[in-house]
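Below is one structure, written out as structure tokens, with a few remarks after it.
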Amino acid sequence: MSHNNKTEKESLNFLEELIDAELHSGRVTREQLLTRFPPEPNGYLHLGHASSICLNFGIAKKFGGRTNLRFDDTNPVTEDTEYVESIKADIQWLGFQWANEFYASDYFETLYSYAVELIKKGLAYVDDSTAEQIAAMKGTPTQAGTDSPFRNRSVDENLDLFTRMRNGEFKDGEKTLRAKIDMASPNMHLRDPLMYRIKHAHHHRTGDKWCIYPMYDFAHGQSDSIENITHSICTLEFEVHKPLYNWFIEKLGIFPSRQFEFARRNISYTVMSKRKLLQLVNEKIVDGWDDPRMPTISGVRRRGYTAESIRNFADVAGISRRENVTDYNLLESCLREHLNKIAARTMAVINPLKVVLLNYEENKTETLKAENNPEAAEKTYRDISFSREIYIEKDDFMEHAPEGFFRLTPGGMVRLKHAYIIRCEKVVKNDDGSISEIHCTYIPESKSGQDKSGIKVKSVIHWVDASSAITAEVRLYDKLFTVEAPDAQEGDFKSYINPDSLKVFAEAKVEPALLKHDKDERFQFLRLGYFVEDKYSTPEHRIYNRAVTLKDEWAKEQKKHR
RNA sequence: UGUCCGAUGGUGUAAUGGUAACACUGCAGAUUUUGGUUCUGCCUUUCCAGGUUCGAAUCCUGGUCGGACAACCA
């Protein structure tokens, strides 16, 4: 035992540390502690959102607080209920439950009254300028803007015009409501930001009730405030919005929610922006938002990732305030770690090569015992059949093997997992010189578990009994992009798509025991990786997706010599 | 030539004025009826220059480099 009697102090991230301190000082209580996850329902959630979800829900859970789910639905033209449903499903699948389900649109009436209040205080005005004019008057980051000619309208006139905006008397873009702050502010967001714009558009929840919609800056902070959110956690790009977030809350005299920022999570060899993911979907580069190569939550779920492994990834990757590109290896490592513990082992041959055992009796079938998971605390076994003809992996036989190749070669021996040692006697070829099948002999006294042969082989390979094998389709996935940071490359990010990101093996052979399991169960196909049944898999046409490979020292060795 | 933010191994994060560490990756080895798992070892780190201090990754000053901000998007 250690002589150190201090208990190992758990390392907290900077936000946990802050909240921990505030809880201790009494600035907030556990009862008050309230975070929120505020997606805009205009796309599917991705791994970056997963980090945010784990952070927001995780931090509240850790300190005894709660988390609201609030859809930031202030832009009716891009939003849709399809996205609302997928977002809710994804959060629940990740294992989190919100305290309340809210929508920014729930607050449209309140927000409107807030705007009226600011107009009455002389802090907001209706502007007739066009979008172009407003942009021109905004100045640049290094150059002050100029006041709008409509900036000093009377309160009464502003009130009248804003009412008429709401009543639909104006066309889209004809007028806006702006906060009256400071056109010379070094912070662009404080140069009389837009609060409301006119959009005669149908909203997925409020229908045609409104034709003016609040901008993000006039909706988000106030929504936080209305809900009494104590910690509004968002990504770094909103940092420059914080003075504005605080300005509205202060001028309105409402509950002082506070905003905190962290750096978004990037992962190598993929892109993590809704806009780019939408492009991949729209241009049919992938098979929808849940294509197993997509970094969306629905994509990795279909690929075979577990919620636990993603939560663990978020935890292990941590958070900070600096730009980052996390190694995708870390993600895969988290998945392997979990699947190694829970996935039942089975045998499947994705690229079959027929082997005939010359000295095995014809029409005989033997039943062998196979361990389901060597990692399990309690060992369980299943029956597998063995007979004269079997399939092995094409990659497990080489006629002219390089040094270091331990598998089957002419005259060489390997063990068939859970079965016998075999020796290759003859390679049978087609007319074109390709290998059609190989003829072997088996060593009867080498049966697994009762081996009296005394023969030592260098390798154990997987196989499937030809007489009982089921034909299935197996899909192997690789990285979606060929470069670490597709975003940072020159030109179109889509030109860096990996052409080999999907390989389909339509004639794979799987052992029949596989058919007895649940559809969302993960398996290890021995020596090949971890797999899950695809959503389009049917009893007549089984489809298996590879979630992740096993670590493969031999493949690594091969790569080096290429 | 503005404002704000950031800089710790290859990558991601810890260390909160007191011996720079953990994970992933990579490399080497042991074990292994999965070239898996497990185990062992190794490589590699505080952006620079000053200052404060007995002592600085940490505090201060000045640089350098990187990022965010000029949507009627969020």
Side-chain angles (χ1 to χ4, degrees), chain A residues 11-14 17 38-40 42 72-75 77-79 104 127 129-131 134-136 138-145 172-178 185-191 194-199 213 215-217 219-220 234-243 261 263 265 267-268 274-275 316-334 336-337 340-341 345 347 371 374-375 404-407 414-419 421 446 448-449 451 457-462 484 524-529 549-557:
Chain A
S11 152
L12 301 178
N13 66 47
F14 74 96
E17 203 150 303
E40 184 187 11
N42 68 345
D72 233 335
D73 55 350
T74 57
N75 185 2
V77 300
T78 58
E79 295 153 7
D127 196 333
S129 309
T130 64
I134 288 176
K138 203 122 205 174
T140 69
T142 56
Q143 209 177 349
D172 285 10
E174 215 172 306
K175 286 182 167 42
T176 57
L177 183 73
R178 301 177 69 182
S185 171
N187 183 333
M188 297 291 288
H189 296 277
L190 259 20
R191 318 243 263 229
L194 266 60
M195 293 163 60
Y196 271 91
R197 76 287 216 191
I198 300 170
K199 275 181 195 278
Y213 292 93
M215 300 287 290
Y216 166 84
D217 284 310
H220 199 92
C234 61
T235 45
L236 245 24
E237 71 261 32
F238 292 101
E239 190 161 34
V240 279
H241 293 245
K242 187 146 71 177
E261 312 84 20
R265 172 72 46 211
I267 299 174
S268 60
K274 273 197 246 179
R275 208 192 89 246
V316 171
I319 60 153
S320 70
R321 285 172 63 88
R322 50 175 161 163
E323 294 298 310
N324 61 79
V325 183
T326 302
D327 192 338
Y328 84 104
N329 277 309
L330 186 62
L331 216 212
E332 294 206 322
S333 161
C334 289
R336 286 194 190 100
E337 186 188 358
N340 177 48
K341 280 184 246 164
R345 274 61 168 169
M347 293 199 286
E371 187 180 42
E375 302 294 317
F405 183 84
F406 302 150
R407 284 106 94 151
V414 290
R415 172 174 293 282
L416 299 174
K417 180 74 176 175
H418 305 306
I421 292 172
S446 69
S448 200
D451 184 357
V457 291
K458 276 199 155 167
S459 184
V460 179
I461 64 175
H462 60 276
E484 270 191 43
Q524 183 187 122
F525 286 172
L526 225 59
R527 301 206 304 134
L528 296 175
T549 62
L550 257 29
K551 277 209 233 164
D552 190 343
E553 293 293 325
W554 173 243
K556 217 192 287 179
E557 189 72 19

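Only heavy atoms go into these numbers, but all of them, side chains included; no hydrogens, no water, no symmetry mates. Owing to the predicted nature of the structure, the values given are computational and were not obtained by experimental measurement.
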It should be established whether [X] places a side-chain nitrogen or oxygen under 4.0 Å from OP1 or OP2 of nucleotide [N].
X         : N      : value
Arg197(A) : A74(B) : yes
Lys556(A) : G26(B) : yes
Lys199(A) : C73(B) : yes
Lys274(A) : A74(B) : no

Nucleotide paired to [N] in any strand shown, Watson-Crick or G-U, under 3.5 Å:
N      : value
G6(B)  : C65(B)
A28(B) : U40(B)
G50(B) : C60(B)
A71(B) : none
A20(B) : none
G55(B) : none

How many whole angstroms separate atom [atom1] of [X] from atom [atom2] of [N]?
X         : N      : atom1 : atom2 : answer
Ile198(A) : C73(B) : CD1   : P     : 12 Å
Ile319(A) : U13(B) : CD1   : P     : 9 Å
Glu332(A) : U11(B) : CD    : C1'   : 14 Å
Arg415(A) : U33(B) : CZ    : P     : 9 Å
Asn187(A) : C4(B)  : CG    : C1'   : 8 Å
Ile267(A) : U13(B) : CD1   : C1'   : 15 Å
Lys551(A) : G26(B) : NZ    : P     : 7 Å
His189(A) : G2(B)  : NE2   : C1'   : 14 Å

Taking only the side-chain heavy atoms of [X] (C-beta and beyond), determine which of [options] contains the nearest atom.
X         : options                : answer
Asp327(A) : U11(B), A14(B), G36(B) : U11(B)
Ile134(A) : C72(B), U34(B), C69(B) : C72(B)
Ser459(A) : G35(B), A74(B), A14(B) : G35(B)

Which part of the nucleic acid, if any, lies within reach of [X] when heavy atoms closer than 4.0 Å are counted: base, sugar-phosphate only, or nothing?
X         : result
Ser448(A) : base
Gly449(A) : base
His462(A) : nothing
Glu261(A) : nothing
Leu236(A) : nothing
Thr130(A) : base
Val325(A) : sugar-phosphate
Pro243(A) : nothing
Gly529(A) : nothing
Tyr328(A) : nothing

task: Would you mind reporting whether Ser459(A) and Ile461(A) have side-chain heavy atoms less than 4.5 Å apart?
output: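 Yes, close enough: below the 4.5 Å cut-off.
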Polar pair under 3.5 Å, donor/acceptor by atom type, side chain [X], base [N]:
X         : N      : value
Arg265(A) : G12(B) : no
Ser320(A) : U13(B) : no
Glu484(A) : G10(B) : no
Arg527(A) : U34(B) : no
Arg345(A) : U34(B) : yes

- Item | Separation of Thr176(A) OG1 from Asp127(A) CG (nearest 0.5 Å) |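 The CG atom of Asp127(A) sits 4.5 Å away from the OG1 atom of Thr176(A).
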Measuring only the [atom1] atom in each nucleotide, how far is [N] from [M]? A whole number of Å is fine.
N      : M      : atom1 : answer
U40(B) : U46(B) : P     : 27 Å
G10(B) : U45(B) : P     : 7 Å
U16(B) : U58(B) : P     : 13 Å
G2(B)  : A21(B) : P     : 41 Å
G63(B) : C5(B)  : P     : 16 Å
A49(B) : A15(B) : C1'   : 25 Å
C24(B) : U33(B) : P     : 25 Å
G6(B)  : U25(B) : P     : 31 Å

Between [X] and [Y], a side-chain donor and acceptor under 3.5 Å:
X         : Y         : value
Asn187(A) : Ser185(A) : no
Arg265(A) : Thr326(A) : yes
Thr549(A) : Glu332(A) : no

Taking for each residue the nucleotide of RNA chain B with the nearest heavy atom, is it Arg336(A) or Leu194(A) whose nucleotide lies nearer the 5' end?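 Comparing both residues, the 5'-ward one is Arg336(A).
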- Query: Where each residue is assigned the nucleotide of RNA chain B containing its nearest heavy atom, which of Asp73(A) and Asp451(A) is assigned the position nearer the 5′ end?
  - Reply: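 The answer here is Asp451(A).
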| said: Quick check against the 3.5 Å criterion: does Asp73(A) have a side-chain atom that pairs as donor or acceptor with the backbone of Glu40(A)? | reply: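 The answer is no, because no donor-acceptor pair under 3.5 Å joins these two groups.
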Without swapping roles, check the side chain of Glu79(A) against the backbone of Asn75(A) for a donor-acceptor pair under 3.5 Å.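 Yes; at least one donor-acceptor contact below 3.5 Å.
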Salt bridge check: are Lys556(A) and Glu553(A) linked by an N-O gap of less than 4.0 Å?
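Yes, this pair counts.
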Check your understanding: With a centroid cutoff of 5.5 Å and a plane-angle limit of 30°, would you call Tyr216(A) stacked on A74(B)?
Key ->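 It does not: the two rings, one from Tyr216(A) and one from A74(B), miss the stacking criterion.
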- Message: Suppose we call two aromatic rings close when their centres sit under 6.0 Å apart. Are Phe406(A) and Trp554(A) close by that rule?
- Response: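 Ring centres of Trp554(A) and Phe406(A) not closer than 6.0 Å.
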